[in-house]
Amino acid sequence: MSPSETPTVVLVHGAFADASSFSSVIPALLERGLKVVAPAVPNRSLIGDSAYIASVIRQIDGPVVLVGHSYGGAVITVAGAEENVKALVYLSGYALEEGESLGELQGRFPDSDLAAALVYTPFPIEGAQTPGTDVSVDVEKFPAIFAADVDPGVAAVLAVSQRPLAAQAFADAAPAAAWKTKPSFGLVSSSDRTINPDVERFGYKRAGMTTIEVDSSHLVMLAHPEEVVAFIEEAVKAVVK
């Protein structure tokens, strides 16, 4: 694989996490000679977050394999419409249909354990009199629901360093569904207590994705990094002929 055709792997984190959630995956991707970008997602709205990630992608010279975890799956569904995105990889993620919101997709299925563990906190919005609402996970419940098979010390750090998701993100309808025109790969975390695994399965099947299942908690990248790296490599190989 020559440097000119080597895709850049863009890793898009989800709600209640940040780019460090890919810390066990990034070294292995770099060791394989892949370029990696792991941006910080604002987690303010699906429309705004997707526009931001799209702006990051447009600044990358060459093909991109776009990877989204959890809410990041919804973000790549929209941002993946950028021309240089050549494949999409969903990890425990939401694969929205065009015109569909997170709330609508989740509403098709029974709630996961996450629903009863959410905490709602107001935050100021510049120029607005009405505050927004941040959504996070109860710190005490976070490890069991989000990271049951992750090192307990790591899970404890993640619990107190959450990046909340604004409630607006659940209501925004996806203006595009990039999986309709791009090769797509979906990993189901079959022991997921954050997203009902059937939500993942449904979205992936609807999109006709290449799909695998891993017996993992929601944070599959930290719990099973080898499987995740191999799955991303599969997408890379589909791009590089």
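The residues of the chain are indexed from 1 along the displayed sequence. All values below were derived from every heavy atom in this structure, side-chain atoms included, with hydrogens, water molecules and symmetry-related copies excluded.
One hydrophobic cluster holds both F146 and L158 under the rule that ILVMFWY side chains link at heavy-atom gaps under 4.5 Å.
A donor-acceptor pair is defined here as one N or O able to donate and one able to accept, closer than 3.5 Å; such a pair exists between the side chain of T211 and the backbone of M209. Using modelled atom types, one side-chain atom of S21 and one backbone atom of D18 make a donor-acceptor pair closer than 3.5 Å. Distance alone, capped at 3.5 Å, is enough to place a donor-acceptor pair between the Y204 side chain and the L187 backbone. Looking only at distances, no side-chain donor or acceptor of S101 sits under 3.5 Å from a matching main-chain atom of A173. A distance-only check finds no donor-acceptor pair linking the side chain of W179 to the backbone of G208 [under 3.5 Å]. A donor-acceptor pair under 3.5 Å is absent between the side-chain atoms of Y94 and the main chain of T77, judged by distance alone. A donor-acceptor distance shorter than 3.5 angstrom exists from the side chain of D49 to the backbone of N43, with no hydrogens or angles considered. With hydrogens and angles ignored, the 3.5 Å screen pairs no side-chain donor or acceptor of N196 with any backbone N or O of F109. Listed for the N84 side chain is no donor-acceptor partner under 3.5 Å among the backbone atoms of P63. Panel note: side chain K182, backbone G80; a donor-acceptor pair is recorded below 3.5 Å.
S92 pairs in a side chain to side chain donor-acceptor pair (under 3.5 Å) with only one of the listed residues (S70, S189, S216, S217), which is S189.
Comment: D172 does not engage R44 in a salt bridge, judged by the lack of any side-chain N to carboxylate O separation of less than 4.0 angstrom. Ionic pairing of E97 and K180 is present here: one or more N-O contacts between side-chain nitrogen and carboxylate oxygen are shorter than 4.0 angstrom.
Below 30°, between 30° and 60°, or above 60°: for H218 and H69 the angle between ring planes is between 30° and 60°, a tilted geometry. Ring planes of F185 and F231: perpendicular class, angle over 60° (limits at 30 and 60°).
Counting only residues at least two apart or in different chains, salt bridge (charged side-chain N to carboxylate O under 4.0 Å, His left out) contacts with residues 197-212 comprise E100-R206, D198-R201, R201-E213.
Taking the side chain to side chain contact (heavy atoms under 4.5 Å, CB included) definition, one finds that R193 meets it with D113, A144, I145, sequence neighbours left out. For T181, there are no side chain to side chain contact (heavy atoms under 4.5 Å, CB included) partners, not counting sequence neighbours.
To the nearest 0.5 Å, atom CD1 of residue I53 and atom CD1 of residue I57 are 7.0 Å apart.
In the model, S191 has a side-chain atom that pairs as donor or acceptor with a side-chain atom of D215 under 3.5 Å.
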